[in-house]
There are 2 protein chains.
Amino acid sequence: MSDKDTAAAANGKKTEIRLAAERRILDAAEKVFAERGFGGASMQQIADRAELPKANLHYYFSTKEALYRQVVERILTIWLDAADSLDVTEDPATALASYIDTKMEVSRKHPAGSKVWAAEVMHGAPVIQVYLETTLREWMAGREYIVRRWIDDGLIVPIEPRYLFYMIWATTQHYADFAHQINVLNDGAPMSDDDWLAAKRDVVAVILRGVGVIPPRVE
Amino acid sequence: MSDKDTAAAANGKKTEIRLAAERRILDAAEKVFAERGFGGASMQQIADRAELPKANLHYYFSTKEALYRQVVERILTIWLDAADSLDVTEDPATALASYIDTKMEVSRKHPAGSKVWAAEVMHGAPVIQVYLETTLREWMAGREYIVRRWIDDGLIVPIEPRYLFYMIWATTQHYADFAHQINVLNDGAPMSDDDWLAAKRDVVAVILRGVGVIPPRVE
DNA sequence: GTCTATAGAATGATAGAC
DNA sequence: GTCTATCATTCTATAGAC
């Protein structure tokens with residue numbers, strides 16, 4: 001092995017260590033921020049959850065705010081992927097059913113991320129303000145156009161497109177953000193796989209019937 | 001004026017001062033807790049917003065936690081009143097439309113309270129856990145019974161009652177909790193009176209049509 | 001009942017040995 | 001790259017004059 005190879009291997013190892021540590025810290029931070037909020041979370045709690053000394057966090061992330069910012073930005077990519085799942089080439093029933101399904105799955109798989117996101121918006125979006133004003137605004141403008149075309153074509157009833165999307169966002173994210181309350185009303189137990197299927201089925205059914213399309217057959 | 005009257009008047013005045021100060025502090029605290037979360041809020045910020053010296057807060061509320069607790073309990077009474085607005089003696093269309101209307105009005109008039117409530121539940125309901133396990137559980141049990149009767153009587157389509165209520169709660173509270181995001185998508189301006197009317201109309205229409213009842217005529 | 005000053009505890013961040 | 005020790009700041013809470 002040449003010196004160059006050795007150096008490359010060393011650099012490679014270093015990068016791997018760095019990526020693994022950063023990921024470990026981000027995972028811990030996401031959960032602690034979700035449970036206690038930005039102000040309620042301490043670097044010590046995040047370090048404990050990541051099973052690392054507190055000083056290590058500052059080695060990888062300069063400040064608490066920088067760490068929070070990266071947590072939020074990581075969640076943003078998940079959101080953007082979900083936004084893409086609204087396939088505008090499909091008919092309204094298929095497109096909306098698929099979008100709702102995706103959003104429900106995001107709530108199920110990333111409950112902590114959803115809570116951090118909700119708190120971020122509730123507190124005035126200090127980090128994602130630019131995203132709201134650019135990406136989200138453009139996404140909404142595009143989808144409003146599609147929904148209005150569905151209305152003009154008589155495929156769904158007249159409705160203000162934004163209010164429809166708020167309904168879908170609110171309902172699907174509720175299953176993550178209010179999971180604690182939902183669990184209490186579910187006799188203290190988390191929703192089972194069957195519960196999730198039933199919830200998705202009912203949400204899709206109400207929305208599709210609500211906008212005037214027949215729910216597609218489920219095999 | 002007798003000594004007794006003087007004392008009574010003094011006591012009366014004292015009580016008025018106390019009530020006014022407590023209310024002033026609670027109003028300020030609700031807003032600061034909503035904007036920054038419990039951990040992110042400081043007694044100094046609340047004092048500044050209430051235009052009182054910080055020490056006054058501790059005179060009326062022993063600790064920050066006690067103050068937070070009273071803020072949450074004050075919101076709880078508003079929630080309980082709104083819960084009562086679901087009149088089970090009415091037909092499903094009227095009952096649900098009236099309930100949704102009430103919940104939308106709560107979101108409009110108490111956005112800060114709604115945010116505090118959402119954060120409280122997201123963080124595991126440290127203060128309202130008992131309420132969730134008693135009052136809310138009983139309320140839900142009673143309403144599930146009514147909704148199932150509506151289903152059995154063929155007045156609405158089959159649906160798991162809880163998922164219907166989650167949808168109503170999520171959607172109506174979204175207008176308070178995500179107001180910042182909604183404003184951005186509304187060209188940066190808060191929703192006008194007409195916007196609120198349109199939103200309420202669309203939410204009621206989708207839910208009622210979604211559960212299979214015809215929206216009642218609006219004069 | 002009001003307010004200034006301050007004690008006491010917790011936190012974010014860093015220095016410096018390993 | 002890891003970790004202990006520590007600094008500087010901020011915050012909750014209270015003491016005590018008015």
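Residue numbers start from 1 in every chain, and the chains themselves are labelled A, B, ... in the order their sequence lines are given, proteins ahead of strands.
- Here D/dG1 presents its C1' atom at 13 Å from CD of A/Glu22, a figure rounded to the nearest Å.
- For A/Ile17, taking side-chain heavy atoms from C-beta onward, the closest of the listed nucleotides C/dA15, D/dG1, C/dC3 is D/dG1.
- When the P atom of D/dT2 is taken as reference, atom CG of A/Asn56 falls 5 Å away, rounded to whole Å.
- B/Asp48 places its CG atom 11 Å from the P atom of D/dC11, with the value rounded to the nearest Å.
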Step by step, work out the side chain to side chain contact (heavy atoms under 4.5 Å, CB included) result for B/Val88 and B/Trp150. CA-CA 10 Å; B/Val88 296; B/Trp150 287 344; 5.8 Å; no
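- Under the 4.5 Å side-chain criterion, counting only non-hydrogen atoms from C-beta, A/Arg49 is in contact with A/Lys31.
- Every pair passing salt bridge (Lys or Arg N to Asp or Glu O under 4.0 Å) that includes a residue from residues 131-147 of chain A is listed here, sequence neighbours excluded: A/Glu144-A/Arg162.
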Any chance you could lay out the side chain to side chain contact (heavy atoms under 4.5 Å, CB included) test for B/Leu164 and B/Ile207, step after step, and finish with the verdict? CA-CA 9 Å; B/Leu164 171 60; B/Ile207 294 283; 4.2 Å; yes
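- Ion pairing between a basic and an acidic side chain is recognised when a charged N comes within 4.0 Å of a carboxylate O; B/Arg74 and B/Glu30 show such pairing.
- In this structure, A/Phe165 has its ring center under 6.0 Å from that of A/Trp139.
- An OP1 or OP2 oxygen of D/dT2 is reached within less than 4.0 angstrom by a side-chain nitrogen or oxygen of A/Tyr60.
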Check nucleotides 9-13 of chain C against the protein and report each pair of N or O atoms closer than 3.5 Å, with its distance, or say if there are none.
from: C/dG12; atom 1: OP1; to: A/Ala41; atom 2: O; distance (Å): 3.4
from: C/dG12; atom 1: OP1; to: A/Lys64; atom 2: NZ; distance (Å): 3.1
from: C/dG12; atom 1: OP2; to: A/Met43; atom 2: N; distance (Å): 2.9
from: C/dG12; atom 1: N7; to: A/Lys54; atom 2: NZ; distance (Å): 3.4
from: C/dA13; atom 1: OP2; to: A/His58; atom 2: NE2; distance (Å): 3.2
from: C/dA13; atom 1: OP2; to: A/Lys64; atom 2: N; distance (Å): 2.7
from: C/dA13; atom 1: N7; to: A/Lys54; atom 2: NZ; distance (Å): 3.3
from: C/dA13; atom 1: N6; to: A/Lys54; atom 2: NZ; distance (Å): 2.5

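- Rounded to whole Å, the distance from CG on A/Leu57 to P on D/dT2 is 11 Å.
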